[in-house]
Asker: 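Here you go, one structure.
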Amino acid sequence: MSRCFSFTEAKNWCHRSTFIKLGLQSTATDLKDGTIMHCWVPKSPKISKPNLLLIHGLGANAMWQWNDVIRHFTPYYNVYVPDLLFFGESYTTRPDRSESFQAQCVMRVMEVNSVKKMSLIGLSYGGFVGYSIAAEYKEFVERVVICSSGICMEEKDLSEGVFSVSDLEEAVNILVPLKPDQLRQLVGYTFYKPPPVGFVPDCFLIDFIDVMCREYVEQKKELIRAIPRGRKLSHIPKITQPTMIIWGEHDQIFPLELGYRLMRHLGGNAHLAVIRNVGHAMNTENKKEYVKLLKSFLIDLRLPSDTAHLKIYKTTDDLIGDGNAKVINS
């Protein structure tokens, strides 16, 4: 018997309505190579505004991950929000699963929309894609925000105990949940103070899984497997744009030590903001501080100060001077 109501689909509809009210429209771009990219783009982009690209992470589609952020930026930016390959309405028949290929596809969409310059925010897996864009298309990118994304991880980190889950296949199954208990486990890893999903009836969790997780399961798993494969810090380019790195203090997906490592890798043009008492899902656990950081860097063009909720590292000397800022040896 089919469901007569889906809470997840209803929320999808609400997010879609929000995007439309903010002046965006849904578009699908055929890249003519077996790839279709879905992207929310401004219905009437304004030449007087700069451009901002929002790149989502694993999990739900782009609308779910940026719904609480986008309204803060549409007054100041022409905002572009793509679904990465195998999320939302984007897919490809090509076998490449690298973040570099994702970056190429996103940039082809930007080209179709005549975007010549932009800043970008990459969240978690989207940070890998955003970093690739900043490195490979440096002349197009002005400012970069990387949020809880283990750019500087290495393949050996899995076996050396850097991550809470050291077995890659176990991590893959957690990050692509197909059962209610797997979704509960994922929530436990992504939140510092998890919501009480243990009391949520299975039917609600199954509804979310059916809408958001059932399609392209193996392709999503391949995306995750591709991240650490052969990855070495010495092979990771150094982007040169002004960069803000934002991390949750208690991140169990990409530990904070990787944020320190990225700041050290980039040197003087990067700053690190640590949101205290949150995990990987910092954008949900402390929306207020997360949005404040984004607005400070992208709209006010300045760095905020330390507060009870934030720790700001403005230079690598700040890392050296902070005994709590353990940096992984590479």
Side-chain angles (χ1 to χ4, degrees), residues 6 8-9 12 15 26-40 53-66 80-110 112 122-133 136 148-151 153 155 158 163 165 167-183 185-187 189-190 205-231 253-254 280:
S6 166
T8 307
E9 290 288 11
N12 234 2
H15 291 336
S26 172
T27 65
T29 303
D30 187 347
L31 302 185
K32 308 297 184 183
D33 63 354
T35 302
I36 300 291
M37 288 293 292
H38 176 263
C39 187
W40 287 93
L53 174 64
L54 305 181
I55 312 175
H56 68 83
L58 299 173
N61 61 37
M63 290 189 299
W64 283 61
Q65 297 189 38
W66 294 115
Y80 297 82
V81 192
D83 281 317
L84 294 177
L85 294 172
F86 306 119
F87 296 90
E89 299 171 39
S90 297
Y91 66 90
T92 187
T93 59
R94 295 182 62 182
D96 195 333
R97 300 293 180 258
S98 67
E99 63 256 34
S100 178
F101 178 62
Q102 293 268 19
Q104 293 169 27
C105 293
V106 170
M107 288 304 294
R108 290 173 69 184
V109 174
M110 295 300 99
V112 167
L123 176 62
S124 190
Y125 176 72
F128 289 91
V129 179
Y131 195 92
S132 289
I133 291 174
E136 297 174 28
S148 290
S149 180
I151 306 298
M153 68 173 289
E155 186 171 18
L158 289 167
F163 298 97
V165 178
D167 182 83
L168 181 58
E169 286 308 305
E170 182 182 353
V172 165
N173 289 327
I174 292 172
L175 292 170
V176 186
L178 295 176
K179 299 178 181 178
D181 285 346
Q182 290 175 327
L183 184 53
Q185 189 177 15
L186 176 59
V187 171
Y189 274 109
T190 53
L205 301 181
I206 291 171
D207 175 55
F208 179 86
I209 291 168
D210 286 347
V211 175
M212 291 294 173
C213 306
R214 294 288 183 200
E215 283 195 304
Y216 304 116
V217 171
E218 189 54 38
Q219 290 91 336
K220 290 175 182 175
K221 290 182 176 183
E222 289 169 357
L223 293 177
I224 299 168
R225 294 183 187 114
I227 293 173
R229 189 178 298 134
R231 198 175 191 92
I253 303 295
F254 292 117
H280 187 70

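Bear in mind the structure is a predicted one, so any value in this text is a computation, not a measurement.
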Asker: Assign the ring pair His38 / Trp40 to parallel, tilted or perpendicular, where the plane angle (0 to 90°) is split at 30° and 60°.
Answerer: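 Ring orientation, 0 to 90° scale: perpendicular.
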Asker: To the closest 0.5 Å, what do you measure between NE2 (His280) and CG (Leu186)?
Answerer: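 So the NE2 of His280 and the CG of Leu186 are separated by 9.0 Å.
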Asker: Can you confirm whether more than 12 heavy atoms, excluding those of Tyr91, are under 6.0 Å from its OH atom?
Answerer: no
Asker: Contact between Met110 and Pro82 at the side-chain level, heavy atoms closer than 4.5 Å - yes or no?
Answerer: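 Answer no - side chains too far apart.
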Asker: Tell me yes or no: between the side chains of Gln102 and Ser132, is some donor less than 3.5 Å from an acceptor?
Answerer: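 Side chains of Gln102 and Ser132: no pair found under 3.5 Å.
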Asker: Can you tell me how far apart CE (Met63) and CG (Asn12) are? Round to the nearest 0.5 Å.
Answerer: 4.0 Å
Asker: Check whether any side-chain heavy atom of Lys221 sits under 4.5 Å from a side-chain heavy atom of Asn173, and report yes or no.
Answerer: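 Contact flag for Lys221/Asn173 side chains = yes.
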Asker: Check whether any side-chain N or O of Thr29 sits under 3.5 Å from a backbone N or O of Val109 as a donor-acceptor pair, and report yes or no.
Answerer: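 Checked: no pair found.
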Asker: Is any side-chain heavy atom of Tyr125 closer than 4.5 Å to a side-chain heavy atom of Leu175?
Answerer: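 No, side chains not in contact.
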Asker: Any donor-acceptor pair under 3.5 Å linking the side chain of Asn61 with the backbone of Trp64?
Answerer: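 Checking the backbone N and O of Trp64 against the side chain of Asn61, a donor-acceptor pair under 3.5 Å is found.
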Asker: Any donor-acceptor pair under 3.5 Å linking the side chain of Glu9 with the backbone of Val211?
Answerer: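 Flag not set: sc Glu9 to bb Val211 has no pair under 3.5 Å.
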Asker: When rounded to the nearest 0.5 angstrom, what distance separates CD in Gln185 from CD in Glu170?
Answerer: 6.5 Å
Asker: For Ile151 and Phe254: C-alpha separation, side-chain torsions, deciding distance, then whether side chain to side chain contact (heavy atoms under 4.5 Å, CB included) applies.
Answerer: CA-CA 9 Å; Ile151 306 298; Phe254 292 117; over 6 Å; no
Asker: Could you check whether any side-chain N or O of His56 sits under 3.5 Å from a backbone N or O of Trp66, counting only pairs where one atom can act as donor and the other as acceptor?
Answerer: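 Side chain of His56 to backbone of Trp66, a donor-acceptor pair under 3.5 Å: no, none is there.
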Asker: Looking only at atom types and distance, does a side-chain atom of Asp83 sit under 3.5 Å from a main-chain N or O of Ala62, one as donor and one as acceptor?
Answerer: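 Pair found, side chain donor or acceptor close to backbone of Ala62.
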Asker: For a salt bridge (Lys or Arg N to Asp or Glu O under 4.0 Å) check, start with the C-alpha distance between Glu222 and Arg229, then their side-chain angles and the critical distance, and finish with the verdict.
Answerer: CA-CA 11 Å; Glu222 289 169 357; Arg229 189 178 298 134; over 6 Å; no
Asker: Determine, stepwise, if the pair Leu85 / Gln219 fulfils side chain to side chain contact (heavy atoms under 4.5 Å, CB included).
Answerer: CA-CA 9 Å; Leu85 294 172; Gln219 290 91 336; over 6 Å; no
Asker: What are the two closest non-hydrogen atoms of Gln182 and Leu178, and how far apart are they?
Answerer: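 Heavy atoms only, the tightest pair is OE1-N, 2.8 Å.
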Asker: Looking at every non-hydrogen atom in both residues, tell me the closest pair between Ile253 and Phe163 and how far apart they are.
Answerer: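 Shortest heavy-atom separation between Ile253 and Phe163 comes out as O-CD2, 3.3 Å.
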Asker: Rounded to the nearest 0.5 Å, how far apart are CG of Leu183 and CE of Met212?
Answerer: 12.0 Å
Asker: Specify the closest pair of heavy atoms between Glu99 and Ile227, including all atoms of both residues, with the distance to one decimal.
Answerer: OE1-CA, 4.5 Å
Asker: Identify the heavy atoms of Ser100 and Glu136 that sit nearest to each other, and give their distance.
Answerer: OG-OE2, 2.9 Å
Asker: Testing the basics here: between Ser149 and Ser124, what is the closest heavy-atom pair and its distance to 0.1 Å?
Answerer: OG-O, 2.8 Å
Asker: Tell me, do Arg94 and Leu31 make a side-chain contact under 4.5 Å, heavy atoms counted?
Answerer: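 No. Closest side-chain heavy atoms not under 4.5 Å.
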Asker: Among Leu54, Leu58, Leu123, Ile55, which one satisfies side chain to side chain contact (heavy atoms under 4.5 Å, CB included) with Gln65?
Answerer: Leu123
Asker: Taking all non-hydrogen atoms of both residues into account, name the closest pair between Pro177 and Cys213 and its distance.
Answerer: O-CB, 3.5 Å
Asker: For Arg97 and Phe86, run side chain to side chain contact (heavy atoms under 4.5 Å, CB included): C-alpha distance rounded to whole Å, both residues' side-chain angles, the deciding distance at 0.1 Å, then the answer.
Answerer: CA-CA 10 Å; Arg97 300 293 180 258; Phe86 306 119; 3.7 Å; yes
Asker: Drop me the distance from Met37's CE to Gln104's CD, to the nearest 0.5 angstrom.
Answerer: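 Spacing of CE (Met37) from CD (Gln104) equals 11.5 Å.
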Asker: Could you walk me through whether Leu223 and Leu84 pass side chain to side chain contact (heavy atoms under 4.5 Å, CB included), step by step?
Answerer: CA-CA 11 Å; Leu223 293 177; Leu84 294 177; over 6 Å; no
